[in-house]
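Counting starts at 1 for both ligands and their atoms, in listed order. Just so we're clear, the structure is a prediction, and the values are computed from it rather than from any experiment.
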Amino acid sequence: MSGDSLDAFARQKLNSLEAKSLRRNLTVTHRLSAVEVERSGRRLIDFSSNDYLGFSQHPKLKEAAQAATADYGVGSTGSRLITGNHPLFRELEQRLAALKDSADCVVFGSGFLANSGIIPALMTERDAVFLDELSHACIFYGARLTLGAQHIFRHNDMDHLRELLTAHRANHPHALIVTDGVFSMDGDLAPLGTLGTLADEFDAWLMTDDAHGIGVVGDGRGSSFANGADHHVPLQMGTLSKAIGGYGGYLCASQAVCELIRNRCRTFVYSTGLPPGPIAAAIAALDLIEADPDMAARPLRLARSFTRALNLPAAESPIVPVVLGDTDHTLTAAKMLEEDGFLVVPIRPPTVPEGTSRLRITFSAAHQEAQVERLAQTIRDRVMGG
Ligand SMILES: *Cc1c(COP(=O)(O)O)cnc(C)c1O
């Protein structure tokens, strides 16, 4: 039977992952609060989630999602172009556009859907995409779907990007430069000032993925507004699935670009609109961020006190990598932290480059300072070897 060879194929692939300590498993995680989870019968302080503001559990967001579900139902019933465009979308898009200093905004089903749709909607096989090597997987996925050229520059290396633009830009009608605004596994920021200057100089379009920037850097407005970045980024993509607490993706751009996306982007046109609940929750999240800039600053403040305690380079975002290199060593360290009551999920290839397995530690406004101090002490004593 053909199913036999299919199963043999799958088993052989899984075995080869297992041999490299790269086979992964789903673990049921029961969330007790914004920073506490129960896993395999153990209560753990969570230092791995992307819930930077604790919004996944916030009463105001739950209330908003419940009210929207009661008013409009659990699903949107169709693509937004057919029947799925319930009234809350427009309100959220206007709020996001204002937050990002953009004329318009389009909300997508997720961040992954946004990137994998936006890039091929703008670029053809005759064009070129220039990408930072540490950009998120869905940016690479979107770039590949253009069927055009891809030029990958070394992480945050603006000289290398200039070299690539000099060598290749003239061969293509259009060029797009894409980067994470805040890098998801390293926590550092892209040099948006220089990127903007290079984009102007070489007539390339600049796109940032601010999945880890919105809500937590630049007074909650994201990486385009942090570190004195003053260059307008014409394509600001992001997600509602991290600091915003729920689920969804967005693109903030000009009216013409957003209108083109609503017409031509396959992951927008051919996918069902998000349900009303997460849209209402996202609006409530923006209310809270705008009302309390100090809350938006807290995760980074906690990350900085952690990097100070361990003599690591100062955190630039609420994401702090402790790179251990070896995958088995990283798995052991994570297991040991779990025994001490911390959830710090090990990150290994292909999520990060070969030889850079790490503990990726994330900070939330809902963490207490004492919890951060205790984690730093445990890592100092038990992972970094005292
Ligand atoms: C998480 C993430 C995404 C995907 O967003 P989802 O809403 O989870 O699909 C995209 N880009 C980056 C940099 C991310 O970290």
Backbone of Gly142 reached by a side-chain donor or acceptor of Asn115 within 3.5 Å: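 No, Asn115 side chain to Gly142 backbone: no donor-acceptor pair under 3.5 Å.
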Donor-acceptor contact present, side-chain His367 to main-chain Asp46, <3.5 Å: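 Checked: pair present.
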For Ala190, which residues count as a side chain to side chain contact (heavy atoms under 4.5 Å, CB included) partner, sequence neighbours excluded?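 By the side chain to side chain contact (heavy atoms under 4.5 Å, CB included) rule, Ala190 matches Asn156, Thr179, Phe183, Leu192, Leu195.
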Which protein residues have a heavy atom under 4.0 Å from ligand 1?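 The 4.0 Å shell around ligand 1 contains Ser110, Gly111, Phe112, His136, Cys138, Asp180, Ser184, Asp209, Ala211, His212, Thr239, Ser241, Lys242, Gly248.
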For Arg144, which residues count as a side chain to side chain donor-acceptor pair (under 3.5 Å) partner, sequence neighbours excluded?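 Result, side chain to side chain donor-acceptor pair (under 3.5 Å) vs Arg144: none returned.
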Suppose we screen for salt bridge (Lys or Arg N to Asp or Glu O under 4.0 Å). Which residues come up paired with Asp180, at least two apart in sequence or across chains?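 Salt bridge (Lys or Arg N to Asp or Glu O under 4.0 Å) list for Asp180, sorted by chain: empty.
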Phe108 and Tyr250: aromatic ring centres closer than 6.0 Å?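 Not under 6.0 Å, so no.
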